[in-house]
Amino acid sequence: MENTSLQLPRSRPEALGIPGAAILDFLDEVQAKGIELHSFMLLRRGQVAAEGWWGPYAPELPHMLFSLSKSFTSTAIGLAVHEGLLSLEDKVVTFFPDDLPEEVSPNLAAMSIRHLLMMGTGNDQDTMGAIDRCTDGNWAKAFLAAPVEHTPGTHFVYNTGATYMLSAILQSVTGQTLLQFLQKRLFEPLGIHNPTWESCPRGINTGGFGLSITTEDIAKFGQLLLQRGAWNGSQLIPEAWVEEATSKQISNGDGGESDWAQGYGYQFWRCRHGAYRGDGAFGQFCIVMPEQEAVLAVTSGTNQMQEVMNAVWEHLLPAMAGEELPLDEETQDRLQERIRSLQLAPLAYSIQPELESAVSGKNYVLDDNDMNWSRISVRFEADQAVVDLYETGGKHFALPLSRGKWLKGKSDLIMPRETATVSSFTWKSPDTLELSIRFIETPFHITTDIRFETEDAVVLDHRINVSFGPNEAPPITGRA
């Protein structure tokens, strides 16, 4: 069934041939494994069979997609090829004559747009390392300076820098950012409102990461792919491009039980069971199951990405019957109640009146630390607290938190720009204050413990749920 509206139509699982019990089993598995999902939306035959958000995450909130952004970049390149703006055989070096190294190696000279798409650039490692080290903001120049050890097309390396180059090439040819190029071609027809995309220092969308949209937007994109590029009577993406981009273009392993070794397309991963997906770090998924006529959109804050897909293959995929199933009202009631109750709870209510009174508003100067924090104070009120945190350069973060419930706010602590937060605090022991801040448009959740060794001496323990680096910072000591 083809979807023909901007809002996806809702149905019930059994009407779409999915027993409600299978969805309950999926949710049970996720909970039992301790996997932190933020949302899911399961589509079959163009209709939403089930959807849920773990509060405080919510349907209207965009979510940072990380590398799921790559699949949208691929789509933009497909549209540019279709419009005659590019060819997959165009050589990368021809777009950046002023940024080439003094000596262009034969492998770099041979690298084409197709090689960027299939992660077969010939680089031996992801070029984002070189890009991160560049000090002049010229990411393309840093990419082109990186060694190309292999013949392009012969060696798979997951290379976020390659996706950035696709964005840079598109912008050089069209004069538009990736986001602007996709606006009328993809986002508006799908009813994707207010997408945002991070940019490099030179104003080029990052391509390989940085797109933020809602869970339903992810689901619409998956449904469009399932419909082979057709939407509302229009062919938004050429059917042949969808077929090519989502097919295996290069080997990335020996198959087996890993969904990261089934082959790679043009910025899409092949999966087991004839499925394919776009995915991003910490569990952002758009899984398309053509044989089942199904799509699953997921946002998360987890490192257990294979476990998420294992739960899909074990519980959801095999349960999809061909025909409508009789309504099981008892199971449907249980499922709806379960979905309504999904939440990531705030910290429990607690109070330590004497210690709160003694330390409220005191400034603690912090020893040198990896977090670049210079001092901290906590001001206690009835059911709220405000943490004043200062960086070494003098930047001030005022972080309000609530006791026993989530308090909504905005912050750019640990983030490149201000983003929506919820926060809560509790006394986890008589001398240790626990602060919890969720950046609810991202996968990230930080927890900081402040242990008052005396009224004048503190130790901070800081951790983050998911990270590309260490999850815990070394303890930070401070004195009043």
Side-chain angles (χ1 to χ4, degrees), residues 34 36-39 53-58 60-64 66 212 281-284 299-303 343-351 356 359-360 364 366 369-391 395-429 432-452 458-476 478:
E36 183 181 303
L37 296 194
H38 295 163
S39 70
W53 284 260
W54 281 255
Y57 302 86
E60 68 278 6
L61 291 172
H63 203 282
M64 193 181 277
F66 284 92
S212 290
F282 317 126
Q284 324 317 314
T299 63
S300 320
T302 182
N303 286 316
Q343 69 160 324
L344 298 165
L347 298 176
Y349 188 99
S350 67
I351 190 164
E356 287 179 23
V359 302
S360 186
Y364 295 87
L366 303 174
N369 60 83
D370 294 344
M371 301 303 297
N372 203 31
W373 294 344
S374 61
R375 58 192 173 97
I376 192 170
S377 70
V378 188
R379 291 176 279 135
F380 291 96
E381 297 158 9
D383 285 331
Q384 290 191 11
V386 177
V387 174
D388 290 299
L389 183 63
Y390 294 84
E391 288 186 342
K395 185 170 181 179
H396 171 222
F397 301 93
L399 306 168
L401 307 102
S402 190
R403 205 190 303 261
K405 61 182 182 181
W406 290 120
L407 181 65
K408 290 182 180 179
K410 284 183 177 291
S411 179
D412 59 348
L413 180 69
I414 77 157
M415 301 299 298
R417 58 184 171 83
E418 200 170 66
T419 185
T421 60
V422 296
S423 51
S424 67
F425 74 101
T426 193
W427 289 95
K428 64 188 295 187
S429 71
T432 303
L433 187 67
E434 183 177 5
L435 317 175
S436 174
I437 305 174
R438 288 189 173 275
F439 297 81
I440 53 174
E441 296 177 2
T442 83
F444 300 121
H445 170 212
I446 60 172
T447 307
T448 302
D449 292 344
I450 306 175
R451 187 169 77 257
F452 293 89
V458 295
V459 177
L460 273 60
D461 286 304
H462 177 76
R463 54 198 180 275
I464 190 167
N465 61 331
V466 289
S467 171
F468 292 113
N471 285 55
E472 294 194 29
I476 303 169

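Put simply, the side chain of Y57 does not reach to within 4.5 Å of the side chain of L37, judged on heavy atoms. For the pair L433/F380, a side-chain contact is recorded, criterion being any heavy-atom separation below 4.5 Å from C-beta on. Contact check for T299 versus W53: no side-chain heavy atoms found under the 4.5 Å cut-off. At least one side-chain heavy atom of Y390 sits under 4.5 Å from a side-chain heavy atom of H396. Side-chain contact between W373 and L413: present, with at least one pair of heavy atoms (C-beta onward) separated by less than 4.5 Å. Two residues are said to be in side-chain contact when any heavy atoms from C-beta on lie closer than 4.5 Å; V378 and V359 fail this criterion. Side-chain contact check for L407 versus L401: every heavy-atom pair is 4.5 Å or farther apart.
Across all non-hydrogen atoms, the minimal contact from S39 to W54 is N-CE3, 3.7 Å. W406 and P56 make their closest contact through NE1-CD, 3.7 Å (heavy atoms, listed as atom of the first residue, atom of the second, distance). Across all non-hydrogen atoms, the minimal contact from A398 to V386 is CB-CG1, 4.4 Å. Closest of all the heavy-atom pairs between S423 and I437 is CB-CG1, 4.0 Å. Here the closest heavy-atom approach between residue H63 and residue T442 is recorded as NE2-O, 3.4 Å.
Here the NE2 atom belonging to H38 is positioned 10.0 Å from the CD1 atom belonging to I440, to the nearest 0.5 angstrom. Atom CG of residue L435 and atom CD1 of residue I450 lie 4.5 Å apart, to the nearest 0.5 angstrom. Distance check: S212 OG to Q284 CD gives 9.5 Å after rounding to the nearest 0.5 Å. In this structure, CD1 in I414 is found 5.0 Å from CD1 in I446, a value given to the nearest 0.5 Å. Taking CZ from R379 and CG from D388, the interatomic distance works out to 4.0 Å, rounded to the nearest 0.5 Å. In this structure, CG in D370 is found 13.0 Å from CD in E472, a value given to the nearest 0.5 Å.
Formation of a donor-acceptor pair under 3.5 Å by the T419 side chain with backbone atoms of F439 is not found in this model. Panel note: side chain S424, backbone L347; a donor-acceptor pair is recorded below 3.5 Å. One N or O on the side chain of N465 and one on the backbone of P443 form a donor-acceptor pair closer than 3.5 Å.
Applying the salt bridge (Lys or Arg N to Asp or Glu O under 4.0 Å) rule to pairs touching residues 435-452 yields E36-R438, K428-D449, D449-R463, R451-E453, R451-D461, sequence neighbours excluded.
In this view, S436 and H445 satisfy the side chain to side chain donor-acceptor pair (under 3.5 Å) rule, not counting sequence neighbours. Under the rule for a side chain to side chain donor-acceptor pair (under 3.5 Å), the partners of E356 that lie at least two apart in sequence or sit in another chain are R403, W427. Among residues two or more places apart in sequence or in another chain, the side chain to side chain donor-acceptor pair (under 3.5 Å) test is passed with S411 by none. With sequence neighbours excluded, the residues forming a side chain to side chain donor-acceptor pair (under 3.5 Å) with D412 are K395, listed by chain and number. With sequence neighbours excluded, the residues that form a side-chain contact (heavy atoms from CB on, under 4.5 Å) with T302 are I35, S300, Q304, V308.
Ring-plane geometry between F282 and F468 is classed as tilted, the angle between the planes lying from 30 to 60 degrees on a 0 to 90 degree scale.
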